[in-house]
Student: 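Okay, handing you the structure first.
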Amino acid sequence: MTREELVKAIAHAVTLYVDAPDYFDANPQLRINPATLDVVAINGKDELEGIADNMEAIEEETLAQGDETEDAMDWQVAQNPDFYAIKDYVIKDKDGKLKVDEKAVESLAKTYL
C-alpha cells in the first residue's frame, strides 16, 4: 500500500463519521492494523472489546510452548490494531460543518509509511 492509498483509506473512514456522527457512540475510533494497514471506523466500545480479544489471544499463545508458538505470538502481536480518536481527524469549516482534517490524516499516514 502506498501512503496515498493509506491517506485515502483513513479519510474514507473519517468521512463515515462526518457523514453520520449519530451512528457512532461518544468515542468513535479509527482502528488500523499495522501489519495490513486495514482502516476501519468503529465505536469506542468496540475498541475495548478488540483490546480484550487481542490480550486473550496473546495470553493463549503464551501458555503454549515451542518455536511455532513464538512465531504465532509474534504474528499476533503484529496484528494488534492501533486505535485513534476519530474526532482528532475532524475539523469544522467556516459554516460549522464537520469535515476531514486532511493535514491530520496525512500526519497519521506518515507514522505508517
Student: Which pair of non-hydrogen atoms, one from P28 and one from K87, has the smallest distance, and what is that distance?
Tutor: CD-CE, 3.8 Å
Student: Restricting to side-chain contact (heavy atoms from CB on, under 4.5 Å), what partner residues turn up for T15, sequence neighbours left out?
Tutor: D19, V100
Student: If I compare all heavy atoms of G44 with all of Q29, which pair ends up nearest, and what's the gap?
Tutor: CA-CG, 4.1 Å
Student: With rounding to the nearest 0.5 Å, note down the distance linking CG in D82 to CD1 in I32.
Tutor: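 If we round to the nearest 0.5 Å, D82:CG and I32:CD1 are 7.0 Å apart.
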Student: Between Y89 and A104, what is the shortest heavy-atom contact and its length?
Tutor: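 Smallest heavy-atom distance, with atoms named: CE2-O, 3.4 Å.
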Student: Mind checking what makes side-chain contact (heavy atoms from CB on, under 4.5 Å) contact with K8, not counting sequence neighbours?
Tutor: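 So K8 forms a side-chain contact (heavy atoms from CB on, under 4.5 Å) with E4.
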Student: What distance separates I10 CD1 from E5 CD, expressed to the nearest 0.5 Å?
Tutor: 12.0 Å
Student: Do L98 and V18 have side chains that approach each other closer than 4.5 Å (heavy atoms only, starting at C-beta)?
Tutor: yes
Student: So which atom in A41 and which in A13 form the shortest heavy-atom distance, rounded to 0.1 Å?
Tutor: CB-O, 3.5 Å
Student: For the CG atom of L37 and the OG1 atom of T2, what is their distance to the nearest 0.5 Å?
Tutor: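 Between atom CG of L37 and atom OG1 of T2 there are 10.0 Å.
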Student: Do the non-hydrogen side-chain atoms of Y23 and L16 ever get within less than 4.5 Å of each other?
Tutor: no
Student: Checking N43 side chain against D25 main chain: does a donor-acceptor pair fall under 3.5 Å?
Tutor: yes
Student: Is there a path of hydrophobic side-chain contacts, each under 4.5 Å between heavy atoms of I/L/V/M/F/W/Y residues, joining L30 to I91?
Tutor: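 No, no single cluster joins them.
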Student: Taking only residues two or more places apart in sequence, or in another chain, which ones meet D95 in a side-chain contact (heavy atoms from CB on, under 4.5 Å)?
Tutor: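 In terms of side-chain contact (heavy atoms from CB on, under 4.5 Å), with neighbours along the sequence ignored, D95 is linked to D93.
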Student: Counting N and O atoms only, with roles assigned by atom type, does the side chain of R31 sit under 3.5 Å from a partner on the main chain of V40, one being a donor and the other an acceptor?
Tutor: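 A pair under 3.5 Å: no.
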Student: Output the distance between atom CD1 (I86) and atom OH (Y17), rounded to the nearest 0.5 Å.
Tutor: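 If we round to the nearest 0.5 Å, I86:CD1 and Y17:OH are 8.0 Å apart.
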Student: For the atom pair NZ (K92) and NZ (K99), what is the distance rounded to the nearest 0.5 Å?
Tutor: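 Interatomic distance, K92 NZ to K99 NZ, rounded to 0.5 Å: 13.5 Å.
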Student: Please determine whether the number of non-hydrogen atoms from other residues, nucleotides or ligands lying under 6.0 Å from atom OH of Y112 exceeds 12.
Tutor: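 Buried by this count: over 12 neighbours within 6.0 Å.
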